[in-house]
Amino acid sequence: MGQWKRLFNEPPGVPMTDWMQTIPNDGIIRYLDIFNSEAILPTSEAALAEVLTMKSEEFVKPRAIAKAVKSFFGAGLTFLEGREHKIQRKALMPAFSFRRIKDLYPSFWSKSCEFVDIITAEVLADPETVNVAGKSGALSSPVVDISSWLSRATLDILGVVGLGHSFGAMSNAKSSLLMAYSKIFMPSAQTQILIALNLFFPRWVVRNIPFKRNRELYDAAAVIRETCRAIIKEKRAVMEETKSTDVDILSAIQSSGADDDGLVEQLVSILAAGHETPATAVFWAVCLLAQHPEMQSRLRADIRTHLPSPKISQDAGAPTPPTQIDRIPYLQAVCNETLRFCPPFPLGWREVAGHRTTLLSQPLPKGTRVMVVPWAVNRDPARWGPDAGVFNPDRWMGPGRAGSGGASSNFAFMTFFHGPRGCVGENFARAEMACLLAVLVGRFEMELEHPERELAAKRGLTSRPMGVGVRMRLVDGW
Ligand code: HEM
């Protein structure tokens with residue numbers, strides 16, 4: 001069984017974090033996985049750069065995994081390779097340019113204000129909330145399922161800001177798309193087993209294994225495709241009618257020349273890649289700030305000094321564009337440190353493509369699996385210093401540290417990967433995270449329902465922590 005037992009039982013990326021710190025190596029660690037299959041863990045900057053940038057076409061997404069998860073995540077950019085990948089990525093890039101995302105800040109802000117108002121209403125409606133005359137805010141505070149609220153918010157933000165379409169997920173907890181995604185991203189041992197089986201058996205065999213989870217996943221995928229098809233049809237009608245030359249994500253996809261089925265697959269993959277990861281990032285930030293009340297208060301003070309209250313934004317009739325949001329150093333530091341310390345996408349898979357290759361001059365045969373593990377690299381003391389395993393936003397403060405956190409190389413921060421397959425949505429995700437976190441921390445004091453419990457990433461595709469309740473207490477005046 002190789003290292004499978006550890007890999008299966010521990011949160012994703014945790015065994016590799018341990019190996020990277022305890023096994024002396026020259027840039028590569030080799031280990032055995034289930035059925036003693038070979039796996040490689042690149043650890044040095046040179047090895048990671050070779051896999052992700054210099055030889056990105058030789059280290060591809062494992063075909064078996066791509067085949068297995070394409071049904072749920074779309075046969076779009078995320079799983080294309082070679083020329084087709086280049087064409088689609090080029091078509092999509094303008095929708096994610098830094099300039100374009102800057103122009104979208106008011107929309108991110110206004111959706112975030114709507115989000116925090118909905119949570120406020122929920123907190124006030126809870127019988128646990130007691131307002132005491134003369135004292136500001138609410139004293140006792142209910143536990144809010146902020147984790148699922150964040151998924152609803154990021155789905156709506158991606159819809160409205162990125163696609164010009166309203167999914168209505170914040171106002172409707174039973175939205176079919178939302179339910180489909182919550183099935184797909186639900187942490188499940190069966191999903192992990194199904195994905196692993198795809199490495200060894202043909203897809204039709206795995207698909208027909210009578211696991212309840214199999215049926216759930218395929219039903220959810222059908223709902224997602226149906227929704228995407230309807231959105232594309234609707235957008236095409238609007239574009240024809242208005243002769244719009246919009247550069248939102250959906251228009252960029254439509255400009256790629258793909259046929260209707262291709263467009264649906266692209267959209268499915270953007271929705272999958274683009275809503276659960278930012279929700280996970282903000283949820284980690286909330287949990288970490290709840291564990292560190294002094295950082296939370298410092299951040300709140302900064303936010304309240306620099307940003308208008310969501311109430312004021314709405315009273316004025318239009319949201320106040322928070323163009324200064326990326327110039328609030330402590331907010332940026334908290335976002336950066338959360339993304340470093342708890343990367344939402346804890347690990348990624350590659351395999352040696354059609355022919356053998358080398359990594360740091362070591363020959364690797366075709367099919368060798370290569371694991372790229374942001375969770376491990378981002379917590380490596382050799383890159384981040386002895387406090388690498390500590391949540392410390394201050395490492396991003398001070399001259400020359402805002403962009404690097406004090407690390408000497410880009411490859412110390414692997415959250416969005418790097419190179420031609422790096423995340424296209426990084427700017428989008430960062431803007432969204434800053435706006436959502438700012439409104440939440442500006443308005444609420446947050447603490448963990450069970451502070452004594454360790455926060456652990458769930459077993460699943462994103463690292464979202466499991467079973468965490470957050471108490472939300474309104475802080476007046478914002
Ligand atoms: C904090 C949030 C996010 C994180 C941590 C994240 C992380 C990543 C990572 C690590 C990859 C590379 C995966 C691999 O190659 O195996 C990736 C790819 C991708 N991401 Fe993100 N992502 C985030 C948000 C977004 C958003 C908001 C969007 C779109 C709206 C998006 C769209 C994509 C796409 C389309 C790819 C595939 C790129 C390609 O293969 O060329 N991501 N992301």
> Would Ser463 and Trp375 satisfy side chain to side chain donor-acceptor pair (under 3.5 Å), going step by step from the backbone distance to the final call?
Replying inline: CA-CA 9 Å; Ser463 66; Trp375 197 276; over 6 Å; no
> Can Trp396 and Arg340 be said to form a side chain to side chain contact (heavy atoms under 4.5 Å, CB included), step by step?
Replying inline: CA-CA 11 Å; Trp396 301 87; Arg340 176 195 76 86; 4.2 Å; yes
> Under the side chain to side chain donor-acceptor pair (under 3.5 Å) criterion, do Ser44 and Asp26 qualify, and how do the steps go?
Replying inline: CA-CA 7 Å; Ser44 67; Asp26 289 330; over 6 Å; no
>> Could you walk me through whether Arg383 and Asn378 satisfy the side chain to side chain donor-acceptor pair (under 3.5 Å) test, starting with their C-alpha distance in whole Å, then the side-chain angles of each, then the deciding distance to 0.1 Å, before giving a yes or no?
In response: CA-CA 8 Å; Arg383 295 167 159 96; Asn378 289 9; over 6 Å; no
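Phe391 and His292 have tilted rings, their planes meeting at an angle from 30° to 60° on a 0 to 90° scale. Ring pair Phe108/Tyr105 is perpendicular by interplanar angle, where above 60° counts as perpendicular and below 30° as parallel. Ring orientation note: the planes of Tyr31 and Trp19 are tilted relative to one another, at an angle of 30° to 60°.
Look at Arg6 and Asp18 and you find a salt bridge, because one of the NZ, NE, NH1 or NH2 atoms lies within 4.0 Å of a carboxylate O, short of that distance. In summary, Glu84 and Arg89 do not engage in a salt bridge, as defined by a charged side-chain N under 4.0 Å from a carboxylate O. Salt-bridge formation is not detected for the pair Glu432/Lys111: no Lys NZ or Arg NE/NH1/NH2 atom is positioned less than 4.0 Å from an Asp or Glu carboxylate oxygen. The pair Asp248-Lys235 meets the salt-bridge criterion, with a side-chain N (NZ, NE, NH1 or NH2) lying under 4.0 Å from an Asp/Glu carboxylate O. Between Arg464 and Glu276 a salt bridge is recorded (basic side-chain N to carboxylate O distance below 4.0 Å). Between Lys183 and Glu216 no salt bridge is recorded (no basic side-chain N to carboxylate O distance below 4.0 Å). Salt-bridge annotation for Asp103 and Arg100: absent, with no side-chain N of the basic residue lying under 4.0 Å from a carboxylate O of the acidic one.
For Glu351, there are no salt bridge (charged side-chain N to carboxylate O under 4.0 Å, His left out) partners, not counting sequence neighbours. By the salt bridge (charged side-chain N to carboxylate O under 4.0 Å, His left out) test, Arg369 is found to be paired with Asp33, residues two or more places apart in sequence or in another chain being considered.
Remark: Cys423 SG to Phe428 CZ distance equals 10.5 Å, nearest 0.5 Å. One finds the CZ atom of Arg30 at 11.0 Å from the CG atom of Leu364 (value rounded to the nearest 0.5 Å). Of the inter-residue distances, the one linking Gln88 atom CD with Thr78 atom OG1 reads 11.0 Å to the nearest 0.5 angstrom. Going from atom CG of Asp260 over to atom CD of Gln254 covers 9.0 Å, rounded to the nearest 0.5 Å. Leu299 contributes atom CG, which lies 6.0 Å from atom CG of Leu437 (distance to the nearest 0.5 angstrom). One finds the CD1 atom of Ile253 at 7.0 Å from the CD1 atom of Ile232 (value rounded to the nearest 0.5 Å).
Side chain to side chain, Asn172 and Ser175 fail the donor-acceptor criterion of an N or O pair below 3.5 Å. No side-chain donor-acceptor contact under 3.5 Å links Glu38 and Thr368.
The side chain to side chain donor-acceptor pair (under 3.5 Å) test with His85 is passed by exactly one of Arg421, Lys61, Lys90: Arg421.
For Glu226, the CD atom is loosely surrounded, since the number of other residues' heavy atoms within 6.0 Å does not exceed 12. Taking a 6.0 Å sphere around CD of Glu454, one finds it holds 12 or fewer heavy atoms contributed by other residues, nucleotides or ligands.
Between Glu337 and Asn392, the closest heavy-atom pair is OE2-N, 2.7 Å. Of all non-hydrogen atoms in Ala407 and Ala412, the two that sit nearest each other are CB-CB, 3.6 Å.
Each side chain to side chain donor-acceptor pair (under 3.5 Å) pair with one or both residues in residues 152-168, not counting sequence neighbours, appears once here: His165-Glu234.
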